[in-house]
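In what follows, chains carry the letters A, B, and so on, assigned in the order in which the sequence lines appear, proteins first and then strands, with residues in each chain numbered from 1. Computed from heavy atoms alone, side chains included, the values below leave out hydrogens, waters and symmetry copies.
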There are 2 protein chains.
Amino acid sequence: MAEVPTDVLERFAWYAREMSALTVMFHSRVAEQMGVSATDEKCLDLAMRADGPLTAGRIAELSGLSTGAVTGVIDRLERAGYVRRVRDPHDRRKVLVEVTPQNSEKFAHLFEGAMETVERVLSQFTPEERDLLERYNKLTIDVFRERMFTPD
Amino acid sequence: MAEVPTDVLERFAWYAREMSALTVMFHSRVAEQMGVSATDEKCLDLAMRADGPLTAGRIAELSGLSTGAVTGVIDRLERAGYVRRVRDPHDRRKVLVEVTPQNSEKFAHLFEGAMETVERVLSQFTPEERDLLERYNKLTIDVFRERMFTPD
DNA sequence: ACGCCGTTTCTTAGTCGCTAAGATGTTGAA
DNA sequence: TTCAACATCTTAGCGACTAAGAAACGGCGT
């Protein structure tokens, strides 16, 4: 467990902040191109990254919105053709939000640019170096996620 | 310029997406703890990351908001004590938004947690490995920024 | 110096999305 | 069956955003 010099730490903090700002900008850009609000895109992203379909209530929890707001979000996403409401056959109170296949296509198209960005960066590294970068990414996500989801 | 195998590319795309979602979540968490909206925090971040003080109009451009909306943003940030309005002495039409020193303190406090996260990750790598990670971060920011700020 | 137009910020009216609280429909257990 | 808990939707009220115009200022030409 190596000590980290202050100047190195500060530079990495700056990278994080810069990436953070670019990411937020990127999200609103994507939302704009998809013709939905940033909030709607955020919820759609949640629904797409989940293993199975999410319920409306779960989306409310994960996004931090009220259930009433989520009703509106799903309304708009459904009208735009990105998702579909399906009543849970086992518990008909619940509404499952299913991402429609067409959306995957549209979405993939929009993200091709991002994919190319990733490729442009990775092409500058050898396979051995990429292994290290992969370890770095995984670790960052784990530590970051832990900090986000544990009570202070 | 090494070729990047598809499976590697896909894994890195997944990391990017996960980081992206965590980042957006992190931003709204920070905003909440600062007692301002996500929009306001985004503008404050812009003002803090700039070299000199920004004008209201420049914040509108950078944030994508209308000038009217920015007036409201600055009103709220000023009332909360994070920034101060200063008329540009050279062009008294302009309003310079100055980040107040107290804010730096509050901000630093909130970001100590993030700093610790960065440190926890970096401590797992040797100085030589960190050099590589630094190259990766810089390159990612450059390529990402180029994609964001060039017309399609 | 004066008038005039472009620029910068602020104001106002209208719209939209969010929260909070209650209504509606559903479940599971007594 | 009846009732309490639950999941989603509906509604009222509020706050923030956009668009358009007002107010203040700068700088040019005459």
Using the test side-chain contact (heavy atoms from CB on, under 4.5 Å), find all partners of B:V118 that sit at least two apart in sequence or belong to another chain. A:L9, A:F12, B:L122

note: A:K94, atom NZ; D:dA5, atom C1'; distance rounded to Å ~ 13 Å

Quick note, ring-ring contact (aromatic ring centres under 6.0 Å, His included) partners involving residues 33-70 of chain B, not counting sequence neighbours, are none

What bend angle does the helix from C:dA1-D:dT30 to C:dA30-D:dT1 show across its length, from five-pair end axes and to the nearest 10 degrees? 10°

Here the salt bridge (Lys or Arg N to Asp or Glu O under 4.0 Å) pairs for residues 61-74 of chain A, sequence neighbours left out, are A:R58-A:E61

Salt bridge between A:E146 and B:R120, side-chain N to carboxylate O under 4.0 Å? yes

What's touching nucleotides 20-27 of chain D from the protein side, N or O pairs under 3.5 Å?
{"residue": "D:dG26", "atom": "OP1", "partner": "B:R92", "partner atom": "N", "Å": "3.2"}

With sequence neighbours left out, which residue pairs that include part of residues 44-78 of chain B fulfil the ring-ring contact (aromatic ring centres under 6.0 Å, His included) condition? none

Could you verify whether a donor N or O on one side chain and an acceptor N or O on the other, from B:R84 and B:T100, lie under 3.5 Å apart? no

Please give me every residue in residues 54-61 of chain B whose heavy atoms get under 4.0 Å of an atom in DNA chain D, ordered by residue number. none

A:R76 CZ to D:dC9 C1', in whole Å, measures 14 Å

State which residues pass side-chain contact (heavy atoms from CB on, under 4.5 Å) with B:V97; sequence neighbours excluded, sorted by chain then number. B:I59, B:I74, B:V83

Does the distance from a Lys or Arg side-chain N to an Asp or Glu carboxylate O, for B:D45 and A:R17, drop under 4.0 Å? yes

Sequence-distant partners of A:N137, side chain to side chain donor-acceptor pair (under 3.5 Å), two or more places apart: B:Y136

Take the protein atom CD1 of A:I74 and the nucleotide atom P of D:dT8, then report the distance between them rounded to whole Å. 8 Å

Partners passing side chain to side chain donor-acceptor pair (under 3.5 Å) against A:T140 (at least two apart in sequence or in another chain): none

When rounded to the nearest 0.5 Å, the distance separating OG of B:S37 from CD of B:E32 is 12.0 Å

Just call it for B:T39: base, sugar-phosphate, or nothing, with non-hydrogen atoms closer than 4.0 Å on any strand. sugar-phosphate

B:G72 or A:A69, whichever maps to the more 5' nucleotide of DNA chain C: B:G72

Co-membership, hydrophobic cluster, residues A:V24 and A:M34, 4.5 Å side-chain: no

Mind checking which nucleotides bracket the chain A contacts on DNA chain C, 5' to 3', with an atom under 4.0 Å from a heavy atom? C:dG17 to C:dT27

Taking only residues two or more places apart in sequence, or in another chain, which ones meet A:F144 in a ring-ring contact (aromatic ring centres under 6.0 Å, His included)? B:F26

